[in-house]
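No experiment lies behind these values; they were computed from the predicted model shown. Each chain gets a letter, A, B and so on, in the order the sequences are listed, and its residues count up from 1.
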Amino acid sequence: MVEIRLTDTLTRGKVDLAPIDPTDVRMYLCGPTVYDRAHLGNARPVVVFDVLYRLLRYVYGADHVSYVRNFTDVDDKINARAAAIGRPIREITDETIGWYHADMDALGALRPSLRGEVTPAAEPRATDYIAQMIAMIQELIADRHAYVAEGHVLFDVRSFPAYGRLSGRSVDDMIAGARVEVAPFKRDSMDFVLWKPSDATTPGWESPWGRGRPGWHIECSAMASALLGDSFDIHAGGIDLQFPHHENELAQSRCAYPDADFARIWLHNEMLQVEGKKMSKSLGNFFTVRDLLDQGVAGAVIRYVFLMTHYRKPMDWTADKVREGRRTLADYAAQTRTVAPADQIAPGLIEALADDLNTSEYLRLLKEFSKTGRYRDLKAGLEFIGLSRTDTGSAILDEPDMPDDVRNARRDYARVRAAVWHDIAGDHPPDPVQPGDESVAAYQAAICQLVRDAARHLGVQERVISSFDTDSTLTRQLALAADQADIPGLIDQRRRARQDKDYALADALRVKIAELGIELRDTAAGTVWRGVQD
RNA sequence: GGCGGGUUGGCGGAGAGGUUACGCAGCGGAUUGCAAAUCCGUGUAGACCGGUUCGAUUCCGGUACCCGCCUCCA
């Protein structure tokens, strides 16, 4: 059995993972508040802890791992959004959840599951757990860890002596440094809201304290306990959530279930920066995952860039890294295209991940496999960590929430693009089909256009090109194009010239072929050609 | 103001109290008619100042700068 070591925020050191129940290893990750597209910073924990999820599934078996990631779908930001754009809350949250799935799928993140079963239950919505939250709050009040004041229910931080331990703060220090105005009904300025009243225009649920809605922190506590039990193995999230969110979760849950641990191990990933600066709207370096995908940065490249840096170090997003990731993955794709993955994942790879998710070491090993010709190990390693590509080079970009026939058309488009245009992983032209206007016909037209462009590139006569239409098969059109340009004939001519040592002619032919957008390589197995990008 | 993270060679980025990290780029060479690819070789890096030590980039203290949380844009 592989020993997994992780850095636990609570004890501030590396600990061995010793699952409470090895037949059901349980992990919770705080998910998004659903009111807008996920930005790049939101994606880092998802990718990082997806790697841990994959490791756990490998070590304990996929059916022996439960991974829960919630959706916060009740929140004042959502309310504000709904009011601002005049749309129903449920519509906004549903739409945002769809986006989130599409974007995280594109990054190769596996869907959460309960004992290996991918189910909506593994991605709970806060609004489906209001009853559990109310029950938990009642428990806290009964045990004098919470009190009611002016329609609010507040958690009494002084009732939990360990409050502040997770984030390394003392209540007294925080009060001394506090700059916030304290609501008059709080007993202690650090007390936080478990339940707050709603007015007629705000979403609310009936409760013993009147119509109201939950505070943010109680949501995660209630959902984690309901789905993973009062004690579970791992609680993960961004370091920005360490305080107050996780501190408060921990306090509530420990007080509500005094005999349980809540999470045994707390994991936190460090923050993302962009070109050395904090990502913010005011600096103009704020962008979403979807923005990057639309710009042609493949999900696999984004994932690769994330994994270059250890999860507990601040990570800088730069154009240079994107270039490096793109090139590396392109090399790997070429090397692994025709080989089968190794039956067993190389032990060194697992050891690297088991040592506190050393993804940097993992990628170093992949590079070593690539250099030493261990392509089957390379392929298995790429697949294991979610960096493999299908032969279309873009399956990772497929949107799972579109109709099947449209998705197929889109996949065809990607396949054609990869075949006739260029062969560079992670690189694709902007989608010619506008979002919202996606249809089978639109993609067929785009495919036809692509083939025409490619044929023109190969020097095919316009008369022939104009006969291309969306009904012809791609194979026929390409054969026609290749015939017209007679690439094989030119290559053969050049081969004979080289045999005759007529290098002047050979070079002239190379130039002629290059003008058609074709690059030649003389290899041991003969001359091969491929299209090059302008 | 309080708490926490970071600072490694041109760029990216690890581990380890003493031995080459590694990758990319660069440079030199080999090979190839040329080109591409490939192969070999090549870097006295560790923000700054002190301390501990036989020895520190690695431990401790301080300084500077960057970032985060404390203020529900992660």
Verdict with supporting geometry, A/M133 and A/E219, side-chain contact (heavy atoms from CB on, under 4.5 Å): CA-CA 7 Å; A/M133 294 177 208; A/E219 298 175 8; 3.8 Å; yes
Please state the P separation for the pair B/G46 and B/U19 - nearest whole angstrom. 15 Å
Using atom C1' in both nucleotides, what's the gap between B/U32 and B/C40 to the nearest angstrom? 16 Å
Can you work out whether A/K321 or A/D507 has the more 5'-proximal nearest nucleotide on RNA chain B? A/K321
Counting just side-chain N and O atoms, does A/K313 come under 4.0 Å of either OP1 or OP2 of B/U7? yes
For a quick check of understanding: with a heavy-atom distance under 4.0 Å over all strands, which category does A/Q242 fall into, base, sugar-phosphate or nothing? nothing
Starting at CZ of A/R81 and ending at P of B/C72, how long is that distance when rounded to a whole Å? 19 Å
Measure CZ/A/F243 against C1'/B/C72 and give the value in whole Å, please. 12 Å
Considering only NZ, NE, NH1 and NH2 on the basic side and carboxylate oxygens on the acidic side, decide whether A/R496 and A/D500 come within less than 4.0 Å. no
A/D156 bridged to A/K186 by N-O distance under 4.0 Å: no
Parallel, tilted or perpendicular: which fits the ring planes of A/Y53 and A/Y67, with parallel below 30° and perpendicular above 60°? tilted
If we take the P atom in both B/U8 and B/C27, what is their distance in whole Å? 25 Å
Starting at atom CG of A/L307, determine the distance to atom P of B/G23, rounded to an integer number of angstrom. 19 Å
Look at the side chain of A/R213 and the backbone N and O of A/W195, then say whether any donor-acceptor pair between them is shorter than 3.5 Å. no
A/L166 CG to B/G5 P, straight-line distance once rounded to whole Å: 13 Å
Touch check for A/G41, heavy atoms < 4.0 angstrom, all strands: base, sugar-phosphate only, or nothing? base
Return the 5'-most residue of the pair A/R364, A/S360 with respect to RNA chain B, ranking by each residue's nearest nucleotide. A/S360
With sugar-phosphate meaning primed atoms plus P, OP1 and OP2, does A/T33 contact a base, only sugar-phosphate, or nothing at under 4.0 Å between heavy atoms? nothing
Could you tell me whether A/S167 contacts a base, only the sugar-phosphate backbone, or nothing, with contacts defined as non-hydrogen atoms closer than 4.0 Å? sugar-phosphate
Starting at CD of A/E361 and ending at P of B/G23, how long is that distance when rounded to a whole Å? 12 Å
In whole Å, what separates the C1' atom of B/C73 from that of B/G15? 37 Å
Once rounded to the nearest 0.5 Å, what's the spacing between atom OH of A/Y28 and atom NE2 of A/H235? 6.0 Å
Donor-acceptor pair under 3.5 Å, A/D316 side chain vs B/G12 base: no
State whether A/K371 places a side-chain N or O below 4.0 Å from either non-bridging phosphate oxygen (OP1 or OP2) of B/C24. yes
Runs of at least three consecutive pairs that involve RNA chain B, where pairs are Watson-Crick or G-U with distances under 3.5 Å: B:1-7 with B:64-70, B:10-12 with B:22-24, B:26-30 with B:38-42, B:47-51 with B:59-63
Once you apply a heavy-atom cut-off of 4.0 Å, does A/Y503 come out as touching a base, just sugar-phosphate, or nothing? base
Is A/H310 touching bases, backbone alone, or none of the nucleic acid, heavy atoms closer than 4.0 Å? sugar-phosphate
Electrostatic pair A/D355-A/R5, nearest N-O below 4.0 angstrom: no
Could you give the distance separating B/G1 and B/C11 at their P atoms, to the nearest angstrom? 32 Å
How far, in whole Å, is B/U44 from B/U52 if one measures between their P atoms? 30 Å
Does the structure place the NZ or CZ of A/R187 under 6.0 Å from the centre of the six-membered ring of A/Y147, at an angle of no more than 45° from the ring's axis? yes
How close or far is atom C1' of B/C72 from atom CG of A/N42, stated in whole angstroms? 14 Å
Below 30° counts as parallel, above 60° as perpendicular, anything between as tilted: where do the rings of A/H245 and A/H217 land? tilted
Expressed in angstrom and rounded to an integer, what is the separation of A/F369 atom CZ from B/C22 atom P? 16 Å
If we take the P atom in both B/G17 and B/G2, what is their distance in whole Å? 33 Å
Would you indicate what A/M308 reaches in the nucleic acid, counting non-hydrogen atoms under 4.0 angstrom: base, sugar-phosphate, or nothing? sugar-phosphate
Using the P atom in both, what is the distance from B/A14 to B/G9, to the nearest Å? 13 Å
Can you tell me how far C1' of B/C34 sits from CG of A/L505, to the nearest Å? 14 Å
NA contact type, A/Y35, heavy-atom cut-off 4.0 Å: base, sugar-phosphate, or nothing? sugar-phosphate
NA contact type, A/L272, heavy-atom cut-off 4.0 Å: base, sugar-phosphate, or nothing? base
